[in-house]
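Residues: numbered from 1 along the sequence shown.
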Amino acid sequence: METFILKCTNGILKVYEDKVVISRNTFGGFISQSLKGDKTFFYNDLTAIEYRKPTIMANGYIKFIAAGTQEINQGVGKLGMTTANAAKDPNTLILRAFNKEIPKKSEEIYNYILEKIQKGKNANVNNISSADEIMKFKKLLDEGIISQDEFDKKKQELL
């Protein structure tokens with residue numbers, strides 16, 4: 001079940017608890033991306049997210065950046081104009097100007113996704129730190145500096 005759904009100029013953004021899905025199942029999505037199908041990004045795979053809030057007079061965009069994806073410069077302009085590059089980028093959704101609800105909803109979604117990405121990065125850092133600590137205590141055990149019981153106790157604390 002989606003947490004958020006945002007209809008954009010060139011597709012639909014579906015936000016879930018563990019991932020985001022870009023669907024091109026709209027007229028604008030078909031025009032810009034043809035029949036490429038949905039694109040899924042799990043939060044742990046995202047390295048960054050770019051966001052430009054739309055205004056009454058200018059389009060905005062939300063772009064997902066993951067390792068191994070091709071970087072395309074964005075361009076959204078005044079009076080709802082969007083560059084061809086921005087529309088063709090498979091990782092970008094154009095946020096329509098002239099819509100009062102889109103800026104507030106897109107900013108809420110952006111903040112939600114940003115928080116999910118940051119939580120994933122913090123979890124990875126904590127896992128690496130715990131693993132490093134266990135390796136240090138294993139070395140102390142192997143050298144006879146601490147006992148097996150002390151090692152097991154510390155390992156449980158870290159896990």
| said: Does this structure show an ion pair linking Asp38 with Arg24, if we count only N-O contacts that are shorter than 4.0 Å? | reply: no
| request: May I have the step-by-step check of side chain to side chain contact (heavy atoms under 4.5 Å, CB included) for Thr40 and Val20, ending in yes or no? | output: CA-CA 6 Å; Thr40 301; Val20 294; over 6 Å; no
| Do other residues, nucleotides or ligands put more than 12 heavy atoms under 6.0 Å from the CD atom of Glu101? | no
| task | Would you sort out whether Phe151 and Lys138 count as a side chain to side chain contact (heavy atoms under 4.5 Å, CB included), showing the intermediate values? | result | CA-CA 7 Å; Phe151 173 77; Lys138 175 68 171 135; 3.8 Å; yes
| remark: side chain to side chain contact (heavy atoms under 4.5 Å, CB included) test vs Leu6 passes for just one of Ile12, Val15, Ile102, namely Ile102
| request: First locate atom CD1 of Ile113, then atom CD1 of Ile49, and finally report the distance between them rounded to the nearest 0.5 Å. | output: 4.5 Å
| task | Verify the distance criterion only: is there a donor paired with an acceptor across the side chains of Asp152 and Gln148 at less than 3.5 Å? | result | yes
| Heavy-atom side-chain contact between Pro54 and Asn59 under 4.5 Å | no
| remark: Between the SG atom in Cys8 and the CD1 atom in Ile62, the distance rounded to the nearest 0.5 Å is 7.5 Å
| field | Working for salt bridge (charged side-chain N to carboxylate O under 4.0 Å, His left out), residues Lys119 and Glu115 | value | CA-CA 6 Å; Lys119 282 182 182 179; Glu115 185 178 316; 3.4 Å; yes
| Does the pair Lys116/Glu17 count as a salt bridge with the N-to-O cut at 4.0 Å? | yes
| query | With a 4.5 Å limit on heavy-atom distance, are the side chains of Leu93 and Asn10 in contact? | reply | yes
| request: Calculate, to the nearest 0.5 Å, the distance between atoms CD1 and NZ belonging to Ile134 and Lys136 respectively. | output: 12.0 Å
| query | Do the ring planes of Tyr51 and Tyr110 sit parallel (below 30°), tilted (30 to 60°) or perpendicular (above 60°)? | reply | parallel
| query | Is it true that Lys153 and Asp149 have a side-chain N and a carboxylate O under 4.0 angstrom from each other? | reply | no
| query | Any Lys/Arg nitrogen of Glu108 or Lys105 sitting under 4.0 Å from an Asp/Glu carboxylate oxygen of the other? | reply | no
| message | The criterion is side-chain contact (heavy atoms from CB on, under 4.5 Å); which residues satisfy it with Asp18, sequence neighbours excluded? | response | Tyr16, Phe42
| Close side-chain approach of Arg96 and Phe98, heavy atoms under 4.5 Å | yes
| query | Step by step, would you call Phe64 with Ile22 a side chain to side chain contact (heavy atoms under 4.5 Å, CB included)? | reply | CA-CA 10 Å; Phe64 301 98; Ile22 297 174; 3.8 Å; yes
| message | Measuring from atom CG of Leu13 to atom NZ of Lys7, what distance do you get when rounded to the nearest 0.5 angstrom? | response | 13.0 Å
